[in-house]
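Reckoned from all heavy atoms, side chains included, excluding hydrogens, waters and symmetry mates. Each chain gets a letter, A, B and so on, in the order the sequences are listed, and its residues count up from 1.
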Amino acid sequence: MATVGRALLILALVVAAYGLLASIYGARARRPEWVASGRRSVYAVAALATGAFAILELAFLRSDFSFSIVASHSSTTTPTFYKAAAAWSSQEGSLLLWLWLLSLWSSLVLFFTRRQLRLVAPYATAVLLGFAAFFAGLLVFKASPFQTLAVVPAEGSGLNPLLRHPSMMIHPPMLYSGYTLFAIPFAFAIGALITRQVGAADWIRSTRRFALAAWFFLGIGVMLGARWSYMELGWGGYWAWDPVENASLLPWLTGTAFLHSIMIQEKRGMLKIWNISLVLTTGILAILGTFLVRSGILDSIHAFVGSSLGVPFVTLIGIMIAGSIGLVVWRREALRSENRLDSMLSREAIFLANNLVLVGLAFVVFWGTFWPLIAEALTGSRRALGPPWFDRYTVPLAIVLVLLSGIGPLIAWRRATAANARRNFLFPVGLALLLGVVLAALGVASRPLALAMFVCGAFVVFSVGQEFWRGVRVRRAMSGDGPLAALVALVGRNRRRYGGYLVHVGMAVLFIGIAASTAFNDTTDVRMSPGDKTTVGGYQFTYVKPTSDAAFSGAGNIEKISFGAVVTIRKDGKTVATLRPERGYYPSRDSSLGAVGRYFEGEATSEVGLKGGMRRDLWTAMTPNIRELQPVIDEADKAFATVAGQLNPEEAGALLGRTLRLLIDRYESEPPPATFRLITSPMVTWIWIGALIVIGGALIAMWPAPDAARRRATARLAARVAEDLGRTETRTA
Amino acid sequence: MHPARKRRIRLVVALSAAVILACALVYTSLSASNESVQPSQLTAAQSGVSYQLTGKVADGSVRERSGGVDFRVRDRTGARSVPVSYTGAVPDPFREGREVIVTVRKQGTMFVAERDSLITKCPSKFTEDSNQKS
């Protein structure tokens, strides 16, 4: 099977290279049959990549350890869901996932636009096939997922325990969908520049939905990563300004700016250079994000090491940057705005300000992320910036961004009048300020930046609420519908607008959650034994008793040993939560560490104890002091080693099971002290709720409007009639 | 005012603002950042200055204590190591031989880490496969 997989990838590379040349030749020589052949090459690459990916998935599901990456990233004891997802936990598998998703999305967009964009599409096809050829080339020459082992091991290393979390398994496909979907507007923008079609609205309309989908998937990927960090990494945070985290945020920020500013181009024919630059930058940042994870050029918790992919990626990014700048300069005349800004008090001006803030945020994140390299160039020594530096710039910018996202929906296009401002702003501004006064009186004024975020966030919610209320009122007056039916009809008739408003509300809620949970959280690290108590944020945490468990694999082997604790949390004399944080120990495969000792020398993961709530999260993680059990572990290893040689494998397995059971019992009867991280953090749940609202809003905005669907059906019918007429005419002739 | 002159003034103002902002960014970045070093580069470390120390956790050096952990960090490729005393959350992947990044200040002979600054590289990521491939 590995040979078939390799052959499919080689074929994909050849077909992509052929399609690239065919598309360019077809466009230059005005030969539609070559253009069509180029487009079909994309479909063929998608089919070949699907075949290769299916073979890899099958190898993982069948635990075929003749595949090198299956042996090093899976095992027979890995649960089936994680076996399927383990394919993209490796460098090679994740590159194949990239190629597969890119070819699928490319096929989709080229299929939908097959009868449109006749000038732009061939060049866009060539760019997309260029990306496909690049990744297929990496998979063929640099990082083949179909490497096989000379000696097939009986068992694999297993998936890293830290990744055994549902959100971490869905996180990479979401991120890669975002990255690959951003390649589509990039490719069409290049096509539009080459063919001087930059002012045409059709390429923007055709690819905007893909840009929105890219933004949507990338956003989900970022949030899943944050959720995984909060639930799985045992430090209680969700964002650490790590270079690899930042790399995923960068295209999302510029993509958000693009989705807003493109509306100005559509409505007023303005900001063409800005828009094309944004879409090109976003495409480049998507590739940069993919590269940063693999290069090891920056010190990151997530960076892949030992990779030799740096040079090809730098070359690709260099070509993308040089090509983009060259094309924009070449076509600068065609990119002139058709209109000018009428007033600084207009929706266009607010969108422009929103764009500047988003690009400013992206620039700050980019600067902070690449500062070690910049500093090395400037001073000769590598220097690194920590979270406080990022917070200093991003927090004020985020507050302004939230404020603008509330003003945007209310202000008129072209020029706002005083009457318009009074009518639209009085209610939301008044209510938000009133809330601010109440919160300040309650003591929130001690954190002025958090207070500012709460007021701005509330302003967004009230302003959008007012827009919905007014829309429903008009709809009811026109149709006589009930409130709910009027709301559904209102949103259904203008999904893009009201979906967008919901996204604004979701972002405001999300930022309120971030502001509250960072400004008002209480964190304590404390060493406790059973019976010990400590107070954090007004809550009394009590370590009641130790817990332990052993998880068995299907073959009867012990997969994991868990040592944990029962922690009760009381406030005002009442028990508000009972949590059970654990630390799971997965055995090392190194038998020289001792039959028992190897269980505590492998990977260890935290299972946090969490009581989430709308007002506050109570969060705990614990690490038992295993060193105090070390004499017992050493003794067990010695005893086991002396008798193991005289036992058959079954007897040895049974003896090991009994020994581990004794150790587990010993932990419960004489528990060593454990270090606990105890956190009370307000409104963390609002972050996840905000993200869900954003997802809902984005889905509404992406869903085709009924009239658009009808237009498509009519166009299909017209095309069929034209085709039939053409046939009739040919026969008649 | 003539529109061309107006555009020139706007351009000059925008460029001046950009230059001022860029200078401010460089200045704050230089003053807020820590030098990134490996243990062998800490021989002339000054007391009270923060460094971002990167390297591997030396074998047999980890000692857990209340609220934190003491360990030695060695060069990625080399044996030179320095002692680090860390307080705060210990990341799950932290163990001997793993690559870590931690912000430290010299205090006597010891390097005291900034609270919660310890990060350990995720071992899931692409390491060169040591298995023999055909």
Looking only at Asp116(B), Thr87(B), Val26(B), Leu25(B), most heavy-atom pairs under 4.5 Å shared with chain A are made by Leu25(B)
Close side-chain approach of Ser29(B) to Trp389(A), heavy-atom, < 4.5 Å: yes
Please classify the contact between Tyr393(A) and chain B as side chain, backbone, both or neither, with a heavy-atom cut-off of under 4.5 Å. side chain
Can you tell if the side chain of Val37(B) reaches within under 4.5 Å of the side chain of Arg383(A), non-hydrogen atoms only? no
Side chain, backbone, both or neither: which part of Glu376(A) has a non-hydrogen atom closer than 4.5 Å to chain B? neither
Need one label for Thr623(A): side chain, backbone, both or neither, based on atoms under 4.5 Å from any heavy atom in chain B. neither
Against chain B, label Leu159(A) side chain, backbone, both or neither, depending on which of its atoms sit under 4.5 Å from a heavy atom there. neither
Atom pair CZ/CG of Arg382(A) and Asn34(B) - distance to nearest 0.5 Å: 14.5 Å
Need one label for Leu21(B): side chain, backbone, both or neither, based on atoms under 4.5 Å from any heavy atom in chain A. neither
Are the side chains of Thr379(A) and Leu30(B) in contact, using a 4.5 Å heavy-atom criterion? yes
The reported gap from CG in Asp525(A) to CZ in Arg115(B) (rounded to nearest 0.5 angstrom) is 4.5 Å
Thr103(B), part contacting chain A, at a heavy-atom distance under 4.5 Å: neither
For Glu155(A), check salt bridge (Lys or Arg N to Asp or Glu O under 4.0 Å) against everything at least two apart and list the hits. none
Measure distances from Ala24(B) to the heavy atoms of chain A and classify the residue's part below 4.5 Å as side chain, backbone, both or neither. backbone
Nearest heavy-atom neighbours spanning Ala32(B) and Arg392(A): CB-NH2, 4.4 Å
Given a strict heavy-atom distance threshold of 4.5 Å, which part of Ala384(A) is in contact with chain B: side chain, backbone, both, or neither? both
Of the listed Phe363(A), Trp367(A), Trp235(A), the one with the largest count of heavy-atom pairs under 4.5 Å with chain B is Trp367(A)
Considering non-hydrogen atoms only, spot the tightest contact between Glu35(B) and Ser381(A) and give its length. OE2-CB, 3.7 Å
Taking the side chain as C-beta and beyond, is there a heavy-atom pair between Pro91(B) and Leu233(A) under 4.5 Å? no
